[in-house]
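None of these values were measured; they are calculated from a predicted model. Proteins come first, then strands; the chains are lettered A, B, ... in the order of their sequence lines, and each starts at number 1.
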There are 2 protein chains.
Amino acid sequence: MLPDLKIQQLRYVLTVVDERGFHAAARHLHRTQPALSMAVKELEQRLGQRLFEKGGKAELTPFGNYCLPRFRELVTQHDRLGRDIVARVDKRAGHIDMAAVPSVASRLMPTLLADFIALYPNLKVSLHDGNADYVRGLVAAGEVDLGLTSLWQEDEEFSFEGLIRDAVGVVCRDDHPFATRTELRWQELQGQPLIRNGTSRLLDNTAAEPLLAQSAFYISNMISLTAMLVAGIGVTTLPRLAFPEEYERLRFIPLTRPHVEREIGLLKPSRRSLSPAAQAMEAFITAQLVR
Amino acid sequence: MLPDLKIQQLRYVLTVVDERGFHAAARHLHRTQPALSMAVKELEQRLGQRLFEKGGKAELTPFGNYCLPRFRELVTQHDRLGRDIVARVDKRAGHIDMAAVPSVASRLMPTLLADFIALYPNLKVSLHDGNADYVRGLVAAGEVDLGLTSLWQEDEEFSFEGLIRDAVGVVCRDDHPFATRTELRWQELQGQPLIRNGTSRLLDNTAAEPLLAQSAFYISNMISLTAMLVAGIGVTTLPRLAFPEEYERLRFIPLTRPHVEREIGLLKPSRRSLSPAAQAMEAFITAQLVR
DNA sequence: GGCCATTGGTAAGAGAAGCTTATCGTTTCT
DNA sequence: AGAAACGATAAGCTTCTCTTACCAATGGCC
């Protein structure tokens with residue numbers, strides 16, 4: 001119905017006017033003068049009106065004067081859009097929504113994000129934290145681009161790339177008999193007042209599972225859990241990364257036989273692809289954590 | 001530096017999304033499906049990011065979702081500009097600035113403009129009136145598109161197309177001896193109290209010129225002139241078109257030997273060209289007045 | 001479970017568009 | 001009057017874009 005105005009043709013017209021001549025414009029655009037003559041002529045023919053006066057001079061007709069500012073506006077917006085998109089592609093703009101389990105969020109992310117932002121100063125990052133199910137849910141719903149968590153079952157919907165292994169151990173107060181040990185076996189937990197927590201299900205389907213049955217407490221909140229440990233109410237199991245090192249009276253003793261560990265990695269949707277910014281984050285995290 | 005986004009490619013992307021598929025979009029655009037596939041692929045390669053997910057489905061990536069509204073905005077503005085310009089070319093928008101000598105402005109233009117506007121309901125017309133020099137000045141300065149006037153000397157700067165011939169005659173009161181005559185010779189004006197007016201210079205360089213020398217009065221204003229004629233102070237000469245027919249007591253008697261007439265026509269700049277709207281007006285006026 | 005329709009992607013060739021070189025006719029400045 | 005600069009034009013080549021024909025994957029549907 002209406003003919004496509006090509007951005008290039010409009011740009012030619014603008015340049016001819018700005019440079020006050022076809023030759024100067026051609027030099028400026030790295031084209032030859034006939035290229036501009038013909039392009040302008042083609043445009044004029046399609047519009048059904050001349051833009052430049054015929055008398056050999058590069059002067060606009062009244063119609064050309066009407067068109068010029070409108071052409072300029074469209075070309076300007078085109079160029080702005082181009083720059084905008086290139087900035088995204090080049091990771092000089094954009095934002096990343098992430099989610100991580102609390103231990104990762106508090107222990108790994110601070111320096112990770114600081115280093116990332118040093119590399120991509122104009123990217124914005126949002127970080128949500130919650131338990132592994134919550135992280136998985138956010139990734140599944142597309143509410144975040146990437147998740148840092150451990151994954152139980154493989155799922156077609158996700159792509160999971162393991163990054164760091166995190167061994168489970170016992171946490172107790174410094175005056176507990178275990179406190180001076182450098183490692184423990186699961187059997188030794190027999191009869192201990194064991195407090196379960198959010199990470200305890202890492203022990204599901206392992207030799208350690210029966211031990212959890214004895215446990216009288218389940219505490220999901222980390223602050224409450226450490227308070228109970230500091231109070232000497234009992235001991236708990238935690239992955240090393242989740243062990244709060246800032247509590248002077250608490251000790252972490254690795255458990256062996258069997259060795260139980262969680263694998264923390266990058267969770268992303270397998271069907272959807274990532275925004276350029278998220279791609280940068282993915283590459284950065286895997287480069288940082290794979291060693 | 002930054003690659004030209006072609007409007008057509010962007011439109012393809014929008015259509016694929018809107019029609020939810022390459023085939024449907026191709027049908028809609030009267031293209032074949034591979035044309036769209038390849039155009040989209042080319043665009044993606046130039047941006048360095050995919051717009052559509054790879055899985056055989058026409059689903060946008062996050063990057064595509066970012067781009068889509070921006071593409072749509074640019075295409076919308078492009079289309080608006082296209083319609084806008086086509087409306088001008090088709091004379092469905094625009095305005096014309098005109099100037100005419102008073103006789104033409106008051107006697108010819110009213111019906112002329114009414115008929116013109118009936119034909120082009122959306123065009124706007126401004127009409128200035130003044131003496132022939134004023135009209136010529138406005139056209140020369142480019143302050144009006146067209147002038148309706150008479151021209152003395154030919155000029156490279158203007159193109160003048162004569163349209164109607166307007167004979168000069170004597171105007172007197174109905175009780176004047178001339179009032180019953182059907183024509184007069186210049187010699188008969190000898191000894192008459194002759195009032196000069198703005199049109200008198202039409203008689204320069206004619207046999208009638210010596211007669212003007214006797215004249216005691218020069219009145220430029222038409223209202224004043226007619227008042228003097230009605231008062232019986234004297235007689236004057238006017239072109240027929242300038243004779244105010246609404247005064248019952250005034251009579252117009254054509255002068256002969258020599259026959260003196262002015263030629264009224266369309267004055268336009270010869271160097272500049274006309275806006276589409278002014279072209280329509282020019283064509284209309286010449287069609288109406290040439291017979 | 002296998003068939004068929006529909007999806008998008010790929011390859012090769014035809015056609016259109018755009019660019020360059022070479023040349024011409026005007027205008028303008030010296 | 002001559003030279004230089006301007007824009008227009010013509011012919012040939014390159015590049016892009018579209019079409020035809022075919023392939024691979026997916027999704028219903030008996």
Side-chain angles (χ1 to χ4, degrees), chain A residues 2-47 49-61 63-64 68 75 78 156-157 270-273, chain B residues 2-47 49-61 63-64 68 75 156-157 269-273:
Chain A
L2 41 97
D4 252 5
L5 305 171
K6 289 176 209 121
I7 294 291
Q8 185 173 239
Q9 289 180 323
L10 306 189
R11 200 190 300 282
Y12 283 1
V13 172
L14 297 184
T15 310
V16 169
V17 172
D18 291 345
E19 301 289 321
R20 281 180 287 285
F22 283 71
H23 278 93
R27 239 171 286 131
H28 197 265
L29 291 164
H30 307 109
R31 293 283 127 82
T32 55
Q33 167 262 318
L36 303 201
S37 284
M38 288 163 51
V40 168
K41 194 172 99 177
E42 202 272 344
L43 177 59
E44 287 176 336
Q45 268 167 225
R46 231 178 4 186
L47 296 180
Q49 285 282 333
R50 305 200 61 123
L51 293 165
F52 291 94
E53 296 285 5
K54 30 198 173 236
K57 278 270 144 282
E59 275 175 0
L60 288 171
T61 61
F63 178 67
L68 192 72
V75 170
H78 164 275
E156 268 298 296
E157 196 179 350
S270 60
R271 309 230 189 284
R272 258 175 297 131
S273 49
Chain B
L2 43 96
D4 252 6
L5 304 172
K6 290 178 209 117
I7 293 292
Q8 184 172 241
Q9 290 179 321
L10 305 189
R11 199 192 299 283
Y12 284 0
V13 171
L14 297 184
T15 310
V16 169
V17 172
D18 292 344
E19 301 289 321
R20 280 179 287 284
F22 283 70
H23 279 92
R27 239 171 285 130
H28 196 266
L29 291 163
H30 307 108
R31 291 283 128 80
T32 56
Q33 169 263 316
L36 302 200
S37 284
M38 295 188 328
V40 168
K41 194 171 98 177
E42 201 272 344
L43 177 59
E44 286 176 336
Q45 270 168 222
R46 232 181 0 187
L47 295 181
Q49 284 283 331
R50 305 200 59 123
L51 293 165
F52 291 95
E53 295 285 5
K54 29 195 172 239
K57 279 269 142 292
E59 275 175 0
L60 287 171
T61 60
F63 179 66
L68 192 72
V75 171
E156 267 297 295
E157 194 179 351
S270 61
R271 310 231 189 284
R272 259 175 297 132
S273 50

* To do: Answer yes or no: is there a side-chain heavy-atom contact under 4.5 Å between A:Lys41 and A:Arg46?
  => no
* Give a yes or no on whether a donor-acceptor pair under 3.5 Å exists between the nucleobase atoms of D:dA8, that is its base, and the side chain of A:Gln33. => yes
* **Nucleotide nearest A:Pro34 when distance is taken to its side chain, options D:dC6, D:dA8, C:dG8** => D:dA8
* Asked: Taking the side chain as C-beta and beyond, is there a heavy-atom pair between B:Leu36 and B:Val13 under 4.5 Å?
  -> no
* For D:dG7, does either OP1 or OP2 sit under 4.0 Å from a side-chain N or O belonging to A:His23? -> yes
* Return the value, rounded to whole Å, for the distance between atom CE of A:Met38 and atom C1' of D:dC13. => 12 Å
* Rounded distance (Å) that lies between atom P of C:dT20 and atom CG of A:Leu36 -> 9 Å
* Is there a donor-acceptor pair under 3.5 Å between the side chain of B:Glu59 and the backbone N or O of B:Phe52? -> no
* **Side chain proximity check, A:Lys6 to B:Lys6, heavy atoms < 4.5 angstrom** => no
* Asked: With a non-hydrogen cut-off below 4.0 angstrom, is B:Gln8 in contact with a base, only sugar-phosphate, or nothing?
  -> sugar-phosphate
* Atom-to-atom span, CZ of B:Arg20 to P of C:dT6 - whole angstrom -> 18 Å
* To do: Looking only at side-chain atoms of B:Lys6, point me to the closest of C:dT10, D:dC6, D:dT17.
  => D:dT17
* Asked: Atom CZ of B:Arg271 to atom P of C:dT27: distance rounded to whole Å?
  -> 10 Å
* To do: Figure out the NZ/C1' separation between B:Lys54 and D:dA24, and round it to whole Å.
  => 17 Å
* Asked: Counting only side-chain N and O atoms of A:Lys41, is one of them less than 4.0 Å from OP1 or OP2 of D:dT9?
  -> yes
* **Interatomic distance where CZ belongs to A:Arg31 and C1' belongs to D:dT15 [whole Å]** => 12 Å
* Using distance alone, with no hydrogens and no angle criterion, decide if B:Gln49 and B:Glu44 have a side-chain donor and acceptor under 3.5 Å apart. => no
* Asked: Side chain of A:Thr32: nearest nucleotide among C:dT21, C:dG9, C:dG8?
  -> C:dT21
* Phosphate OP1/OP2 of C:dC19: any A:Tyr12 side-chain N/O under 4.0 Å -> yes
* The side chain of B:Ser37 lies closest to which of these nucleotides: D:dG7, C:dG8, C:dT21? -> C:dG8
